[in-house]
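First up is the structure itself, then whatever we jot down about it.
Side chains included, hydrogens not; waters and symmetry mates left out as well; all remaining heavy atoms used.
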Amino acid sequence: MPTDLGAIAEQRGIKYFLISFTDLLGVQRAKLVPSAAIDGMAKAGAAFAGFATWLDMTPADPDLFAVPDPDSLIQLPWKPEVGWLAADAWMNGKPVDHAPRNVLKRLVAAAAERGCEMKTGVECEFFLISPDGAEISDAADRQGKPCYDQQALMRRYDVIAEICDAMQGLGWQPYQNDHEDANGQFEMNWQYDVALKTADRHSFFKYMVRSIAEKHGLRATFMPKPFLELTGNGCHTHVSLWQDGKNLFDDAAGELGVSALGYHFLAGILHSAEALAALFNPTVNSYKRINGSPTLSGASWAPGSVTYTGNNRTHMIRIPEPGRFELRLADGAANPYLLQAGILAAGLDGIDNRRDPGKRLDINMYTDGHTVTTARKLPLNLLDALRVLEGSKVMGERLGALVPSYLKLKHEEWNAYARHLSPWERENTLDC
């Protein structure tokens, strides 16, 4: 039976709905719809000029309709008269093939045809900075090794507690919050769930964190590397595959407690890692994190090579305990829907082709990685990553129309960056 959003609005005191979809570059686009009009919008969708967003469209294309998913409804904790709805992009009576949420839903359906579903949890790191973005917001946050700094965490108690209280009220089951390895950096964790729900929550989390930070006179950024001397923002993702309530990756007899199926899935991600970087590290700035130097803590908290390990944070994939693995590749700029879609696409390819991850490495990759001559290196820049994605048969087949559309927009972004004249170039070339 269809969900009656109008009736829900009356019951909960919702005056307006944000019908929101996420474009290829991860930007959230929305229309604010009064509750009196929501039932009509729920059927037909809210109309947008799709070309005016980061989708592969032109002014000659017809209207894009964002059709809300009633199951995604979230009442804004800081503005409860507004309800947020994740929406699917439609045009000409059918889903837009390259729209990120639609891409993820296709892959979720492909997994469901096999009788399984992927569950994930994300660790979203962010900085609290000054409104102009020039510096971190807490001038007293100066420790050389600030990770888990109690004093710095509690100076931002009002912001962190409000966000955590909001997640508790929404039923997300948040379980910990901490100050991260960079000055001014924080991480908040909530319970894992099925991939689409995690993607919707990830998308809303970024909006919520920015909004609550603004309410406190601050600015939140998920930018991969906003300050060169500090650790960047990652988005580590914990992954498992389930069937009828059973974790298919969990096997007491398997190495490190992971099943053969789990290793095939993991191997699929290793196989397509360089192509996935184009999706999971989607900005020019992303590669300053991937190729960053360790801080005083001894880590950059980001991988540089395509390797996996046990409970060791210096590799791209870590197996911290039986039944799951942690992918440490993605950064804060990753599109929440393409992050989940990319993992699922690569993982299903690994299962279908029974890919072998090879022998795991247990060394410290930050200090001894140079001794491993067989480990593939991650791309050095966005252009390299885009070129690998362009040539990836796996991603082309599994992600379909997304790949050429994404590549088109990202090559335009790279070319805009290449046309930029930086102060470094002038300083080092004026007297050539």
Side-chain angles (χ1 to χ4, degrees), residues 2-6 9 14 16-74 82-110 196 199-200 202-204 206-207 278-279 282 335-342 345 386 389-390 395-416:
T3 302
D4 189 338
L5 288 172
I14 297 174
Y16 291 92
F17 289 87
L18 276 171
I19 297 181
S20 174
F21 74 92
T22 300
D23 67 21
L24 281 172
L25 301 196
V27 180
Q28 294 178 4
R29 311 290 182 166
K31 282 197 172 180
L32 187 64
V33 175
S35 59
I38 191 60
D39 286 333
M41 292 285 188
K43 295 174 184 175
F48 292 78
F51 71 90
T53 73
W54 294 118
L55 289 173
D56 185 13
M57 296 176 181
T58 77
D61 287 314
D63 281 349
L64 176 153
F65 288 91
V67 180
D69 180 349
D71 292 337
S72 70
L73 175 62
I74 297 174
V82 179
W84 179 89
L85 290 159
D88 297 323
W90 284 66
M91 184 179 284
N92 290 326
K94 60 183 181 180
V96 175
D97 286 343
H98 68 276
R101 197 171 191 265
N102 294 341
V103 174
L104 174 57
K105 288 176 72 173
R106 284 202 306 272
L107 283 155
V108 168
L196 183 62
D200 284 341
H202 183 184
S203 184
F204 183 81
K206 295 179 77 171
Y207 169 55
L279 302 173
N335 184 313
Y337 300 99
L338 299 187
L339 171 60
Q340 302 296 325
L386 294 175
L389 176 60
E390 196 163 11
M395 290 297 109
E397 291 177 352
R398 303 272 173 173
L399 298 178
L402 168 80
V403 173
S405 294
Y406 183 83
L407 286 169
K408 176 182 174 181
L409 295 185
K410 280 296 173 180
H411 275 299
E412 289 173 358
E413 182 178 321
W414 175 266
N415 290 338

Of all the heavy-atom pairs spanning [X] and [Y], show the shortest one and how long it is.
X	Y	value
S72	D69	OG-O, 2.7 Å
A47	F65	CB-CE2, 3.7 Å
G50	M57	CA-SD, 3.6 Å
R29	A52	NH1-O, 4.2 Å
A99	L55	CA-CD2, 4.4 Å
L386	L407	O-CD2, 3.4 Å

Nearest 0.5 Å please: distance from the [atom1] atom of [X] over to the [atom2] atom of [Y].
X	Y	atom1	atom2	result
F51	D63	CZ	CG	9.5 Å
M91	F48	CE	CZ	12.0 Å
L64	F21	CG	CZ	5.0 Å
W84	I74	CH2	CD1	5.0 Å
L389	K410	CG	NZ	11.5 Å

Quick one: does any side-chain atom of [X] pair with a main-chain N or O of [Y] as donor and acceptor, under 3.5 Å?
X	Y	result
N335	L279	no
N102	A89	yes
Y406	A278	yes
R106	D97	yes

Answer whether the closest heavy-atom distance between the side chains of [X] and [Y] falls below 4.5 Å.
X	Y	answer
R101	T22	no
D200	Y337	yes
L5	L85	yes
L399	H98	no
L196	Q340	no
L24	P100	yes
N92	D61	no
M41	K31	no

(request) May I have the step-by-step check of side-chain contact (heavy atoms from CB on, under 4.5 Å) for L18 and V82, ending in yes or no? (result) CA-CA 7 Å; L18 276 171; V82 179; 4.1 Å; yes
(message) Under a 3.5 Å cutoff, is there a donor and acceptor pairing between the side chains of D56 and S405?
(response)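 Present: a donor and an acceptor within the cut-off.
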(request) Begin from the C-alpha positions of L338 and L402 and carry the test side-chain contact (heavy atoms from CB on, under 4.5 Å) through to its verdict. (result) CA-CA 9 Å; L338 299 187; L402 168 80; 3.8 Å; yes
